[in-house]
Number of protein chains: 4
Amino acid sequence: MYDIHVGRGVAASDELNSSQTGDWTMRTVTLPVPAANLAARFRTIRQHTLKLVEPLTPEDMMVQSTPEASPAKWHLAHTAWFFDSFILREFQPSYRPFDADFAWLFNSYYRSFAAFPEKRLRSSFSRPPLEAILRYRAHVDAAIEQLIEGGAPPEALTRIELGLNHEEQHQELLLTDILHAFYTNPLRPAYQSGAPEDGHAEAAPLTFLSFAGGIHETGHTGAGFCFDNELPRHRVWLEPFAIASRLVTCGEYAEFIADGGYRRPELWLSAGWDTVEREGWTAPLYWTHSECGWTFFTLCGEQLMARMAAAPVSHVSYYEADAYARWAGKRLATEFEWEVAAEGRPIEGNLLESGRLVPFPATALVRDQGPAQQFGDCWEWTASAYLGYPGFRALPGSLGEYNGKFMSGLMVLRGGSCVSPAAHIRASYRNFFAPETRWQLSGIRLAE
Amino acid sequence: MYDIHVGRGVAASDELNSSQTGDWTMRTVTLPVPAANLAARFRTIRQHTLKLVEPLTPEDMMVQSTPEASPAKWHLAHTAWFFDSFILREFQPSYRPFDADFAWLFNSYYRSFAAFPEKRLRSSFSRPPLEAILRYRAHVDAAIEQLIEGGAPPEALTRIELGLNHEEQHQELLLTDILHAFYTNPLRPAYQSGAPEDGHAEAAPLTFLSFAGGIHETGHTGAGFCFDNELPRHRVWLEPFAIASRLVTCGEYAEFIADGGYRRPELWLSAGWDTVEREGWTAPLYWTHSECGWTFFTLCGEQLMARMAAAPVSHVSYYEADAYARWAGKRLATEFEWEVAAEGRPIEGNLLESGRLVPFPATALVRDQGPAQQFGDCWEWTASAYLGYPGFRALPGSLGEYNGKFMSGLMVLRGGSCVSPAAHIRASYRNFFAPETRWQLSGIRLAE
Amino acid sequence: MYDIHVGRGVAASDELNSSQTGDWTMRTVTLPVPAANLAARFRTIRQHTLKLVEPLTPEDMMVQSTPEASPAKWHLAHTAWFFDSFILREFQPSYRPFDADFAWLFNSYYRSFAAFPEKRLRSSFSRPPLEAILRYRAHVDAAIEQLIEGGAPPEALTRIELGLNHEEQHQELLLTDILHAFYTNPLRPAYQSGAPEDGHAEAAPLTFLSFAGGIHETGHTGAGFCFDNELPRHRVWLEPFAIASRLVTCGEYAEFIADGGYRRPELWLSAGWDTVEREGWTAPLYWTHSECGWTFFTLCGEQLMARMAAAPVSHVSYYEADAYARWAGKRLATEFEWEVAAEGRPIEGNLLESGRLVPFPATALVRDQGPAQQFGDCWEWTASAYLGYPGFRALPGSLGEYNGKFMSGLMVLRGGSCVSPAAHIRASYRNFFAPETRWQLSGIRLAE
Amino acid sequence: MYDIHVGRGVAASDELNSSQTGDWTMRTVTLPVPAANLAARFRTIRQHTLKLVEPLTPEDMMVQSTPEASPAKWHLAHTAWFFDSFILREFQPSYRPFDADFAWLFNSYYRSFAAFPEKRLRSSFSRPPLEAILRYRAHVDAAIEQLIEGGAPPEALTRIELGLNHEEQHQELLLTDILHAFYTNPLRPAYQSGAPEDGHAEAAPLTFLSFAGGIHETGHTGAGFCFDNELPRHRVWLEPFAIASRLVTCGEYAEFIADGGYRRPELWLSAGWDTVEREGWTAPLYWTHSECGWTFFTLCGEQLMARMAAAPVSHVSYYEADAYARWAGKRLATEFEWEVAAEGRPIEGNLLESGRLVPFPATALVRDQGPAQQFGDCWEWTASAYLGYPGFRALPGSLGEYNGKFMSGLMVLRGGSCVSPAAHIRASYRNFFAPETRWQLSGIRLAE
């Protein structure tokens, strides 16, 4: 399942149990999921997770450098645990669990399923060794493929789809967690060798694209999987608005810093200023100032601002995004404005599949195609608090607990990042984190 | 000005300065304020503050029992400081300040006006003595009255109106702060002697009143003062909704407790459950369980639940209101639903002027008059995060800092309480506090 | 009883109960206490406490500016409570308590006697009012005097002696607590008006007085009251040592600061340096640096270093005393060395009775009289951890709990201060506080 | 060097630098160190460290389960770093460092040598990989052996001796740290397979052996290495005392628990009781109560109390040792009493070389041989605060910083444990930790 300390949205899939009705299935996934496609998708996604850990050693996969993060080894185990616990044990009578202890050891927080260890203890899981976890994954994979081939019931297929969406979320977390781990290591190793493509070209001029006001519909529609917090699709009244043609760049953000952005309380929300003072923030997470000017740490190692000034700024909190917007005389978009601007556009951009793993500059924007960089590069903080849509109905059973329960104190982010799998992202997708969160690839799009 | 540690809304009036344009004036107050009425209103409100401290000794007025609260003496001084700092020094050339140190000593948090002491130090202000503060108030009162009589400019009159709204907010805070102070004193003295009227009569049955969906307008309209966070009036799309005929009672809330409400994580928001565990909450603030059953502490001293079961429950956090609603199979209203239900109705109810100082049972509801207890008794937590309305424009100057800056992490409350002055409350009034706040008179109205 | 948050020694008298045997009495007080003298002493000491609060208003007596301190009103009540609880209730059959609630309300921490409120709540005790506390004291005084006149049993007399020692300790605490309260008040009022005598004269040269090594005896001896931690008198082996002729002055300490004393970790104990960094210490408590140079706050208000450079430095922690000594190439004396140097000398010095209330410069030292300033001015940090003497025997009953239980983590101070009553101090007296403590009048004497 | 968070003594060797004089050498090591013996000893000790990590995987060696502990990989690197930094770089002109970054990366806290990372970051050192650390050790080993063979100057030999003592200290820490790591892992793996020898035999009766009072000498004497805190040898006066014939057993400690030991504040030092309440202690660290009764976790895995009741209790804090002694009507010995009882006896006992790795029961005591278990099994908390001996002189240079600086707030332990190398322990050896420390093998010996 999708595991976080605070904030990040939890999939509709969380805590499945047998009391779940077909009604929910109808609302979130268009059935039937074609079994053949699913088998192929299953193999691809599961393999991709293993591909992501190829640059890592068993020692790397032990590191949990902040309580928000988890070791890579734990991500590998927990994503197998999902299929093990919510599908195989329930739908495959012949299934033999790999290890009886894993049922609780790799549970994240599903109280109704089993006890689970405190999150901070994950850094002590030197045993079971990585090699055992890899065998666990293979064991689960074989059983799932057998289940699909043997003609799994629709509910099982639905849950497999859910398990894959869950795995995609953990692919992103695995990368943002290892980025934090490598930043914490004083040697600052790079996850991916080779410099990212040059980004010193001038960013395209920042313009604003206008949208009409009136009644709009937002929320998931049509076929395909979605999480329950994207439902129900509903009407909202919007005033006319305009949204920036691209993300705010590192270079632009450096101007905000140079203009005293982190020393001027009048630019900040009260809670934001408190955080700046308490944490001593003077720049986004991973930024360092040295004699070479600003540098920032990425999955491709330390980058020179001078070379990447046109790349979107990332690893900023909501407070910083809001303060920047105020400084710039603009504001952030609401999640509804964002969605209206995004709906119907193809899911194209600098997503995980590009292999870049760092946000990419928008140097030339194609006119008449709407805002650039809406999908990929950086998650975009919106001005909307994460709350249930009108008529939001909690899913039956424990599952219901894991969506509604985060609807307090968090802000919505939209659009995915350069480490989000493309298949995982859509216009109605709602990500959510606490406003002080910075270890995700979160950036800024202005509105007015 | 209106001073709080976290959460409570700050008046549009906060941090006035001379760069302020007439534009703002136009938006928030219908001019001209008739000087004659204003003088009378000034005298009345200022006198009422003194009346509120009559039951208190100078020693009582020293107590600051929680960092959120302030000593009563400080409230007396700070409300005079507002008129002193933002009106007399600016508009009354002949004005002689009472004491040069007071300009910074009784500043709450107006950075652009003067330095100010840390809030927690207010409990050390044994000097100046109460007697000096009372002379300070008289000094300011005389000067303001002279200013009005002498023909104050419109801007001065507007700010006096602002100062009076500010004073009304502090009247409420003074009472909620002294309630906390007396609760903290192990002897539990009562602010007001004499038991509140009997409340053991059965509460009226709880029903739900329906409202049509569609496009509605919300926000302040018409003549009269409002704060800038009530503007601009704007359209919202609402689905059809129904709102409870009265507030949740103490007796009903006790059933929630008896049903294990504080021991069942599935009823709570994640952040709420964390708070329950961290703080060890088992009941609303001021509730005690003894051999006499539940009692709760009020400005009239300790009350027996057995005698007051039909009174509205108060001193619950947003988390508790939300958990109760989930337990009851209902939800909280949004602030827009609440406002639609309240708009156009007379501001009548158990407000400060009733002199009761405790929420009052709704035993018989008059049909065809809309939801009972919307004004007064308890502030009602809504399901809406405190954010700016579409098109919200920060006021010019420092003033602008003090409304927008709290628009993060807080929830909106509506309707006023039994310690809110009636003249201070209106359908569009937005109060706001952090979701864990309990020392205000905050209660629960269900919706569906 | 003698009440503290951490550290300060607690009298042998703490938590008396009826299981106490005569054996203990024999060990700590030479009997019989002459009743006539005791009555006079009782009146004098009790009156003196009231005299100490004369410069204070009822509002002043409400302030508790740090968790270590207590409001002056509480000191007044608690010292009456001692006689009430441990003497009158037990030895005066006709005694009628003043108020039944006071038995627990003004208990400090005697678990076996009654429940008690948390210490931090004392700042909320606006009720009972000061006037009631003064009547409580008078009520207790009358009853005690009646008990003495009526021929109290020896044990009652012993406990009255104990109560008076307890009261003397609280006289000192009352003054150090009010000093902290007035320092916390941004207006910085003075407790005593009028500048202290001029102290700008050069301090006498600092020399070292030698003492022979060998077997010495330390611990209380002879007639008169002592606390049990001063017993048993026992032998110690000392190497030859020398002790400074006077205390370290403010001017000398300022040189340490100017030489980077607070920026050089090599001068500090590890725990001391952690404290310097965590607390941001750059000077003793109450010192301020402004354009006038150093000033320091005292019971006589703010003093200019320029005028008081020869006065002993006070309000330093053990860590600062130790770092200063290392910087000076010296060390602190052990408590045994200190006692050997002090034993047999008259208890003369700048003690409470001088009325100065601030440490006084040693400008001219009389030769052949041993170290100056050993009694009074400032408590002197020693290099000795506060532990039980060999053969230390816990008193029977709850009393035993309150001496031994602080024998961990604290350091011994010796000699009394300018706010210690002279009758309370002796060569064998052991005061003890946590090494980070600064709100007491604690200073530095070097040794080598 | 010997690295700790708080508490553990730091060797005289810490922070060597070139300003060090021969004088210090004279005081702590009897020269000349015979080069041939040293070379053999060097090989043996360095090899033994590698032998200790044989049961561990690279993943195990990443775990840092408490801020007090370090990962095993770090211990391996840091002990090589000592020889690299303080010997090879200074005395071997031809030496080529293995990796320039290691000079600061594996520094523990030697400010004057190089910058160093925060201790908590050590758990992020997945790079350099274990394999590189092992090559680093081999590189250093070859260079040191070459240095010895080439005729190292006396000072270099002295420092090599120091480096070996340092390595021995880290051997013990490596084992106590991995014990904590494996206890934190919910699977509770064992470091060493195979049950420890049976310990259910009755413990020998606990008797007390008497020692005469008078003037004794304590502190290091004779030939051989010692740390500077063991000097100077000096006289102390002791009253006659008696010391227990063996350590307190697990079974005896369980009686203390059963008698409410952890619920009775009167048995505890004040700071100890605060710790019990804050930490929720109900038993020694690593003890668990289940349906099988008490079990405790060791380097040989979980042990049943029923089988090991006669084994010495370990992993108790000073507070627990002190409370147990009070409950038993006894006391702890001072470090001087302990040393007098131990001096002149052979260093025999259950030390690291026994290979047991768990404390061993004393079932039969040989008469006339003094107290059993004085060396090995468990470190013994003494009643002595860790302070400098009379005449203790700080070593010149940075070295001096690292012994004196811990002389505040810590208590002395004596005698070594079952994971202390025998060659490392002697009668005058002073170990020291904060009174709340429990992750070391610390036990209880009574005195009277």
Side-chain angles (χ1 to χ4, degrees), chain B residues 53 55-67 69-74 76-77 99-107 114-134 177-191 193 297 301, chain C residues 53 55-67 69-74 76-77 99-107 114-134 177-191 193 297 301:
Chain B
V53 299
L56 304 178
T57 68
E59 291 161 272
D60 293 334
M61 293 196 224
M62 283 295 296
V63 180
Q64 181 181 28
S65 51
T66 167
S70 295
K73 184 163 81 171
W74 185 89
L76 292 183
D99 186 312
D101 279 330
F102 286 15
W104 58 267
L105 190 64
F106 294 116
N107 183 4
F116 49 88
E118 271 185 82
K119 182 167 185 180
R120 64 176 184 82
L121 299 186
R122 293 174 191 166
S123 63
S124 74
F125 293 4
S126 59
R127 318 278 176 96
L130 175 61
E131 163 274 321
I133 301 304
L134 295 176
D177 290 359
I178 206 72
L179 173 58
H180 195 279
F182 281 176
Y183 176 75
T184 303
N185 185 328
L187 296 179
R188 303 261 166 100
Y191 169 83
S193 60
F297 188 69
Chain C
V53 299
L56 305 179
T57 67
E59 291 160 273
D60 292 335
M61 293 195 225
M62 283 295 297
V63 180
Q64 180 181 29
S65 52
T66 168
S70 295
K73 185 164 79 172
W74 185 88
L76 293 183
D99 185 311
D101 279 330
F102 285 16
W104 57 268
L105 190 65
F106 294 116
N107 182 4
F116 51 86
E118 273 185 80
K119 182 166 185 181
R120 64 176 183 84
L121 299 186
R122 293 174 191 166
S123 65
S124 74
F125 293 4
S126 60
R127 319 277 176 98
L130 175 61
E131 163 274 321
I133 301 304
L134 295 176
D177 290 357
I178 206 72
L179 174 57
H180 195 279
F182 281 176
Y183 177 75
T184 303
N185 186 328
L187 297 178
R188 302 259 167 103
Y191 168 83
S193 60
F297 188 69

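All chains are named by letter (A, B, ...) in the order of the sequence lines, taking the proteins before the strands, and each is independently numbered beginning at 1.
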When the 4.5 angstrom heavy-atom criterion is applied to Pro58(B) and chain C, the contacting part is both
Bottom line for Pro129(B): the part with an atom under 4.5 Å from chain C's heavy atoms is both
Given Leu121(B), Val63(B), Asp101(B), the one with more heavy-atom pairs under 4.5 angstrom with chain C than any other is Val63(B)
Side chain from CB out, backbone as N, CA, C, O: work out which of these in [X] comes under 4.5 Å of a heavy atom of chain B, or both, or neither.
{"X": "Ser123(C)", "answer": "backbone"}
{"X": "Pro186(C)", "answer": "both"}
{"X": "Asp60(C)", "answer": "both"}

Check: Ser65(B) side chain to Ala181(B) main-chain N or O, any donor-acceptor pair under 3.5 Å?
Finding: yes
Counting only N and O atoms by type, is there a donor-acceptor contact under 3.5 Å from the side chain of Asp177(B) to the main-chain atoms of Ser70(B)?
yes
Scanning both residues in full, the closest heavy-atom pair of Ala72(B) with Leu56(B) reads CB-CD1, 4.0 Å
### Query
Tyr183(C) ring centre to Arg188(C) NZ or CZ under 6.0 Å, with the angle to the axis within 45°?
yes
Would you mind checking if Arg127(C) and Glu59(B) are paired as a salt bridge, meaning a charged N to carboxylate O distance below 4.0 Å?
no
